[in-house]
Each structure stands twice: as structure tokens, then as C-alpha cells.
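Atom set for the values below is all heavy atoms of this structure, side chains included, hydrogens, waters and symmetry mates excluded. Every number for a ligand or one of its atoms is a count from 1 in the order of the listing.
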Amino acid sequence: MPDFYNNIIENNRKWVESNLANDPDFFNRLKDTQSPPLLWIGCSDSRVPANEIIGAQPGEVFVHRNIANMVIHTDMNMLSVLDYSVNVLKVKHIIVCGHYGCGGVKAAMGKAPVGIIDNWIRHIKDSYRFRKNEIESITDEKEKFDRFVEWNIKQQVLNLAVTSIVQQAWSKGQTLAIHGWVYGLDTGLIKDLDVSFSSHNDIRNNSVYKLDFE
Ligand code: CO
């Protein structure tokens, strides 16, 4: 009986066939090494698949995803991915990509306890606290949610910038740019949030983060 689980196994066979039909060397080229130019830090949401939405092929994107695309200073999982990407793979770009309608961000704006995830969401509530005045000055609920999704992404870009890993890469003069993007579930489109940085000075001179350094 065909069901989702059987379909995905069959889909895999078809995917292999079609790749090999286009390029008999497709998997052979990928088997020994990778040198992706990009690390993607995104939300776990099933509707925001990293490779698909940017048309990237296997071998082009190193991926880390968690609920609400958070960059938490003590998260060993994230730090390990970041360290490997920057210091071994030498990625040139890191994108923190969040999305409108993010359930994690929505939960952080409410008071209802959800469960163990409340402890993770506490970090999103910290982002809220940093931007409380701006967010609460917005009266329209949809607008408020959208702006907070964007603020949270910007906050995670800043968190990324101040990790020892990114700081050391910039101090060594390594080519590394970090960016913040937001994805529209209803449009499929990416919006660049104009928080791209590739040096210590870029961050210091940016007005978005002025508050955090004062
Ligand atoms: Co989300």
C-alpha cells in the first residue's frame, strides 16, 4: 500500500536515477570531499528547506537548523557546526534565515507554557526584551509579529558576530561575511534584512546594533 514512507524511499531511487542521467559522475564527485561556500542557520520549520529555496545542489550548503534559527552562545551543537564550517571548510558566507509566521517566535510573544521547549523559547524572549520598546510601539498584531521575527533574526546575526569563532576569523583577516534573511512562507521569497557584515568595523559602525554596544 503506497504511503508517505514508501513514497520517500521510491523518490530517493528516482532522484538518484535522474541525477545520474544528467551527470554519471554526480555522486562520485561528492564522495570524498566537500567545500561548501555557505553555512545556513535556519529554522527547523518544514516549510523552509535550505537547499530548495535557494536552488543549491548537494555540496553547496552546510546546514544547521533549530527552532527559530537561534544562535545561543553556549549551544555546543551550533558552535561545533560553526567551528567546523569556518575553520575547516572555510565557508565564505553564513546566512541566518528566519521566516514570517515562525511558531517559535509566536510562542515567545505569548505567556502560555508549552513544555520543555519553554526553556529554548526563553532565549527568544530575551530578543524581545532587547527590543521591547520598538516592538510594543506597534499596535497592529500582524505587523508586530512580522517586525519581531525580523528583530529576532537581527539579534541572532549579532550573536553570531560576537562568537569567538567569527571574531577570531575576522581578526585573522579571513574572508567571512554574515547575513540575515527572512523568508515569506506565503510568497517563497527571501528578503535580505541588510545586516551583512564582514569585519569588526562593519559591526561597530552599524546603527542596527548601536543599542547593543552602548
Ligand atoms: Co520557525
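- Without hydrogens or angle criteria, Glu60 side chain to Gln57 main chain gives a donor-acceptor distance under 3.5 Å.
- Within the protein, the N, O or S atoms lying under 2.8 Å from the Co ion (ligand 1) are Cys43 SG, His99 NE2, Cys102 SG.
- Between the side chain of Asp83 and the backbone N or O of Leu79 there is no donor-acceptor pair closer than 3.5 Å.
- Inter-residue side-chain proximity for Asp75 and Trp120 is flagged as met; some heavy-atom pair is nearer than 4.5 Å.
- Grouped by direct or indirect side-chain proximity (heavy atoms under 4.5 Å, Ile/Leu/Val/Met/Phe/Trp/Tyr only), Leu189 sits alone.
- For the pair Arg65 (side chain) and Cys43 (backbone), a donor-acceptor distance under 3.5 Å is present.
- Under a 3.5 Å cut-off, the side chain of Trp151 and the backbone N or O of Arg131 do not form any donor-acceptor pair.
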